[in-house]
Amino acid sequence: MEGIAGKTAIVTGAGRGIGRGLALALAARGARLVLNDLDQAPLEETAALTGGDPALTAGSVTDAQVGERLTEAALERFGALDVIAACAGYTWDGMFHRMTGDQWRAIVDVHLNGTYNTVRPAYAAMRELARAERERGGQPAARKIVTVSSMSAFGNLGQANYAAAKAGIVGLTRTLAIEGARFNILANSAAFGPIDTRLTRAREQQDERVGEAALGIPQAARDAYLASIPLGRTGTIEEAVGPLLFLASEHANYVSGALLEVNGAAHIG
Ligand SMILES: NC(=O)c1ccc[n+]([C@@H]2O[C@H](COP(=O)([O-])OP(=O)(O)OC[C@H]3O[C@@H](n4cnc5c(N)ncnc54)[C@H](O)[C@@H]3O)[C@@H](O)[C@H]2O)c1
């Protein structure tokens with residue numbers, strides 16, 4: 001995909017899964033990267049896989065300082081900021097009547113507050129860069145905010161916390177599309193169906209955790225879920241990355257406020 005070369009992009013959650021896939025795809029197309037993940041070792045692995053020298057800022061997106069540091073790294077290292085893709089997150093599922101406060105708050109914190117913590121400083125910097133370009137007599141370049149929502153934002157069994165947070169991300173993104181328009185900042189979200197990462201693999205076949213949260217979907221629930229999807233399978237990481245790349249690229253310079261559904265036709269099945 002064109003329209004990526006030379007852009008400076010922040011990617012959170014770049015240590016694994018969709019965030020890693022996006023980081024590698026951006027690097028392959030000549031973007032300059034600032035990468036984040038909670039976990040240092042997978043983050044460094046992603047950096048090595050890019051074959052380049054991205055700026056790395058490990059730490060939790062629930063920490064406001066990490067968000068600020070990502071933007072500072074982009075400005076100090078590359079003197080620019082064109083794209084932020086907020087991919088960090090995990091699931092901690094449970095039926096609502098048994099959902100603890102910790103479970104609710106952790107998931108709202110990582111997805112909704114994490115998106116706020118990372119996107120707000122980047123957005124503020126993008127606004128200033130656009131203002132400076134206008135003061136120099138030019139038109140501001142198109143800059144992109146890409147957030148990650150989910151099909152679960154429309155409601156999903158056992159995911160009240162995640163659904164609420166992912167729906168909140170859509171409201172935030174659409175608001176940024178309106179507020180950012182006069183600075184040529186475009187904001188879009190992708191709502192993924194099941195993509196083949198540790199979040200959607202059979203829980204019985206892996207032991208992946210974030211804190212107390214066991215990742216993955218119980219096999220029986222997973223089988224039923226996939227049977228409800230017209231394409232009848234999970235999407236690959238590459239199939240998730242393509243739409244994110246599009247939203248980050250110059251091919252999407254007139255696309256803003258969209259919720260791009262990437263879900264194997266789940267909504268019409
Ligand atoms: N896999 C799916 O089916 C699916 C569907 C819809 C939405 N999503 C969303 O896509 C995004 C990426 O998920 P994935 O499937 O690639 O999962 P993944 O576990 O493969 O990758 C997510 C990465 O985010 C990191 N992360 C988790 N908490 C973090 C924190 N507090 N601060 C910084 N980094 C943190 C993890 O360490 C991990 O490397 C998430 O927002 C997820 O909710 C995934």
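Position 1 is the first residue of the sequence, and the numbers go up from there. Bear in mind that the values here come from a model prediction, so they are computed numbers and not experimental data. Indexing begins at 1, ligand by ligand and atom by atom, following the structure's order.
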Hey, which residues fall under 4.0 Å of ligand 1 on heavy atoms?
Gly13, Gly15, Arg16, Gly17, Ile18, Asn36, Asp37, Leu38, Asp39, Gly59, Ser60, Val61, Cys87, Ala88, Gly89, Tyr90, Val110, His111, Val148, Ser149, Ser150, Tyr162, Lys166, Phe192, Gly193, Pro194, Ile195, Thr197, Arg198, Leu199, Thr200
Aromatic rings Tyr162 and His111: how do their planes relate, parallel, tilted or perpendicular, breaks at 30° and 60°?
perpendicular
Identify the residue among Thr50, Thr46, Thr197, Asp37 that makes a side chain to side chain donor-acceptor pair (under 3.5 Å) with Arg20.
Thr46
In chain order, what residues pass the side chain to side chain contact (heavy atoms under 4.5 Å, CB included) check against Ala190, with sequence neighbours excluded?
Phe192, Leu244
Scan side-chain atoms only and decide if Asp63 and Gln65 contain a donor-acceptor pair under the 3.5 Å cut-off.
no
Looking at Glu250 and Lys7, is there a salt bridge between them, counting it only when a charged N and a carboxylate O are closer than 4.0 Å?
yes
Does a donor on one side chain sit under 3.5 Å from an acceptor on the other, for Lys144 and Asn188?
no
